[in-house]
**Student:** 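This is the structure I want to talk about, given as structure tokens.
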Number of protein chains: 2
Amino acid sequence: MSRPRAKLIDYFPGCPVEATLSFLDGKWKGVILHHLLEEGTLRFNELRRRIPAVTQRMLTKQLRELEEAGLVSRTVHAVVPPRVDYDLTPLGKTLEPVISALRLWGSEHVMCGDDQVSAVMPPQQKVRSAA
Amino acid sequence: MSRPRAKLIDYFPGCPVEATLSFLDGKWKGVILHHLLEEGTLRFNELRRRIPAVTQRMLTKQLRELEEAGLVSRTVHAVVPPRVDYDLTPLGKTLEPVISALRLWGSEHVMCGDDQVSAVMPPQQKVRSAA
DNA sequence: CAGGATCCAGTTTGATACTG
DNA sequence: CAGTATCAAACTGGATCCTG
């Protein structure tokens with residue numbers, strides 16, 4: 001859900017849990033933030049490579065929403081070929097404990113595709129890398 | 001998003017962050033878990049009262065999904081009038097650190113409707129309690 | 001390289017009305 | 001009380017094609 005929920009750090013009708021989740025909403029914000037937290041500044045295609053299942057349209061969209069929410073900054077360099085850097089804002093960085101908690105729970109309770117826990121489960125049949 | 005993403009604790013194509021978020025997906029799972037963590041067992045209408053903006057249809061649906069995911073247990077008491085108790089499973093309780101992180105970030109960075117931070121912001125215009 | 005613009009199917013959600 | 005059923009609106013995300 002990325003509807004009229006919280007857009008900036010203003011008023012959100014509901015509880016803090018839902019408020020926070022509304023910022024992470026959409027299919028890819030979590031991973032995007034995760035990668036920016038881990039690796040710092042990344043270019044558009046660098047992000048794409050790290051999230052193989054995302055389409056450009058969606059990556060663009062989610063990045064725009066993160067930007068609007070004040071969590072991610074977008075820097076366009078006037079060079080050719082074009083170069084656009086994405087980075088976390090100071091506010092975005094405050095989400096680190098949240099992303100960490102999400103990652104920890106996930107790695108402890110779910111068998112994930114791109115995680116270092118991959119040793120536990122043999123890649124039996126391939127479970128669809130995209131949706 | 002509550003599509004084919006993770007349903008049980010089985011394989012999830014993607015990173016742990018996204019895997020965890022997929023369990024919290026949908027508009028109300030976060031709040032539901034939050035209330036069950038804070039108050040323990042709750043009946044259907046007790047939950048409704050704590051989440052004024054949710055419709056019965058949605059509350060039912062999200063509870064069913066949480067049940068299917070193994071995070072919430074549903075106990076039907078054969079009495080009249082009907083009584084159904086919802087509670088966290090042991091697995092559901094392991095989400096506590098996650099929900100805490102979400103709640104903490106939300107209460108620090110967003111002005112929420114039903115939070116104890118309400119003193120900070122005077123209820124100026126009423127911002128729509130539902131969507 | 002980094003998108004923008006369309007088209008479109010699949011889902012999610014809300015509103016309402018009804019029931020054991 | 002605790003739902004179920006139905007209709008319809010809203011939004012999502014994927015696929016394609018195009019551009020400075």
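Below, read A as the first sequence line, B as the second, and so on, with proteins coming before strands; counting in each chain starts at 1.
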**Student:** Under a single-linkage definition using a 4.5 Å side-chain heavy-atom cutoff for Ile, Leu, Val, Met, Phe, Trp and Tyr, are A/Phe44 and A/Val80 assigned to the same hydrophobic cluster?
**Tutor:** no
**Student:** To the nearest Å, give me how far apart NZ (A/Lys27) and P (D/dT12) are.
**Tutor:** 13 Å
**Student:** What residues form a side chain to side chain donor-acceptor pair (under 3.5 Å) with B/Arg83, not counting sequence neighbours?
**Tutor:** B/Asp85
**Student:** Between D/dA2, C/dG14, D/dG14, which nucleotide has the shortest distance from any of its atoms to the side chain of A/Met58?
**Tutor:** D/dG14
**Student:** Please enumerate all residues that pass salt bridge (charged side-chain N to carboxylate O under 4.0 Å, His left out) together with A/Glu108, with sequence neighbours excluded.
**Tutor:** none
**Student:** Kindly calculate the angle separating the two end axes of the helix from C/dC1-D/dG20 to C/dG20-D/dC1, each obtained from five base pairs, and round it to 10 degrees.
**Tutor:** 60°
**Student:** How close or far is atom C1' of C/dG3 from atom CG of A/Leu59, stated in whole angstroms?
**Tutor:**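 Taking atom C1' of C/dG3 as the reference, CG of A/Leu59 is at 10 Å.
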**Student:** From CG of A/Leu63 over to P of C/dG4, roughly how many Å is that when rounded to an integer?
**Tutor:**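 My rounded result for the distance is 10 Å.
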**Student:** Which residues satisfy the side chain to side chain donor-acceptor pair (under 3.5 Å) test with B/Glu39, sequence neighbours excluded?
**Tutor:** B/Arg50
**Student:** Does A/Arg83 place a side-chain N or O at less than 4.0 Å from the phosphate oxygens OP1/OP2 of C/dA2?
**Tutor:** no
**Student:** So, OP1 or OP2 of D/dG3: does either fall under 4.0 Å of a side-chain N or O from B/Tyr86?
**Tutor:**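 So the side-chain polar atoms of B/Tyr86 do come within 4.0 Å of the phosphate oxygens OP1 or OP2 of D/dG3, strictly under.
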**Student:** Starting from P on D/dC1, measure out to CG on B/Asp85 and report it in whole angstrom.
**Tutor:** 14 Å
**Student:** Roughly how far, to the nearest 0.5 Å, is the CD1 atom of A/Ile51 from the CE atom of A/Met58?
**Tutor:**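 With rounding to 0.5 Å, CE (A/Met58) is 13.0 Å from CD1 (A/Ile51).
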**Student:** In whole angstrom, what separates B/Phe44's CZ from D/dA2's P?
**Tutor:** 8 Å
**Student:** Side chain of B/Lys61: nearest nucleotide among C/dT12, D/dG13, D/dC1?
**Tutor:**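 It is C/dT12.
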**Student:** Do the side chains of A/Val84 and A/Val79 join up, straight or via other hydrophobic residues, at under 4.5 Å, putting them in one cluster?
**Tutor:**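 Shared cluster, no.
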**Student:** List in chain and number order the residues that pass side chain to side chain donor-acceptor pair (under 3.5 Å) with B/Arg74, two or more places apart in sequence or in another chain; answer none if no residue qualifies.
**Tutor:** B/Tyr86
**Student:** Side chains of residues 87-96 of chain A: which donor-acceptor partners sit under 3.5 Å, not counting sequence neighbours?
**Tutor:**
residue: A/Asp87; atom: OD2; partner: A/Thr41; partner atom: OG1; Å: 2.7
residue: A/Thr89; atom: OG1; partner: A/Gly70; partner atom: O; Å: 2.6
residue: A/Thr89; atom: OG1; partner: A/Leu71; partner atom: O; Å: 3.2
residue: A/Thr89; atom: OG1; partner: A/Leu91; partner atom: N; Å: 3.4
residue: A/Thr89; atom: OG1; partner: A/Gly92; partner atom: N; Å: 3.0
residue: A/Thr94; atom: OG1; partner: A/Leu91; partner atom: O; Å: 2.5
residue: A/Thr94; atom: OG1; partner: B/Trp105; partner atom: NE1; Å: 2.9
residue: A/Glu96; atom: OE2; partner: A/Ser100; partner atom: OG; Å: 2.8

**Student:** Could you check how far NE2 of A/His77 sits from C1' of C/dA2, rounded to whole Å?
**Tutor:**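 Spelled out: NE2 on A/His77 to C1' on C/dA2 is 13 Å.
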**Student:** Excluding sequence neighbours, so at least two apart, what forms salt bridge (charged side-chain N to carboxylate O under 4.0 Å, His left out) with A/Glu46?
**Tutor:**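 Residues passing salt bridge (charged side-chain N to carboxylate O under 4.0 Å, His left out) with A/Glu46: none at all.
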**Student:** Rounded to whole Å, please give me the gap between CG in A/Leu47 and C1' in C/dG3.
**Tutor:**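 That distance rounds to 14 Å.
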**Student:** Which one, C/dA15, D/dA2, D/dG13, comes nearest to the side chain of A/Gln62?
**Tutor:**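 It is D/dG13.
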**Student:** Just N and O in the side chain of B/Arg43: are any of them under 4.0 Å from OP1 or OP2 of D/dA2?
**Tutor:** yes
**Student:** Nearest whole angstrom, please: distance from the C1' of D/dA2 to the CD1 of B/Ile32.
**Tutor:**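 Rounded to whole Å, this separation is 15 Å.
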**Student:** Heavy atoms under 4.0 Å, any strand shown: does B/Pro81 hit a base, just sugar-phosphate, or nothing?
**Tutor:** sugar-phosphate
**Student:** Between B/Val98 and A/Leu104, does the side chain to side chain contact (heavy atoms under 4.5 Å, CB included) criterion hold? Intermediate values first, please.
**Tutor:** CA-CA 9 Å; B/Val98 173; A/Leu104 182 61; over 6 Å; no
**Student:** Distances for protein N/O vs nucleotides 4-8 of chain D N/O pairs under 3.5 angstrom?
**Tutor:**
none

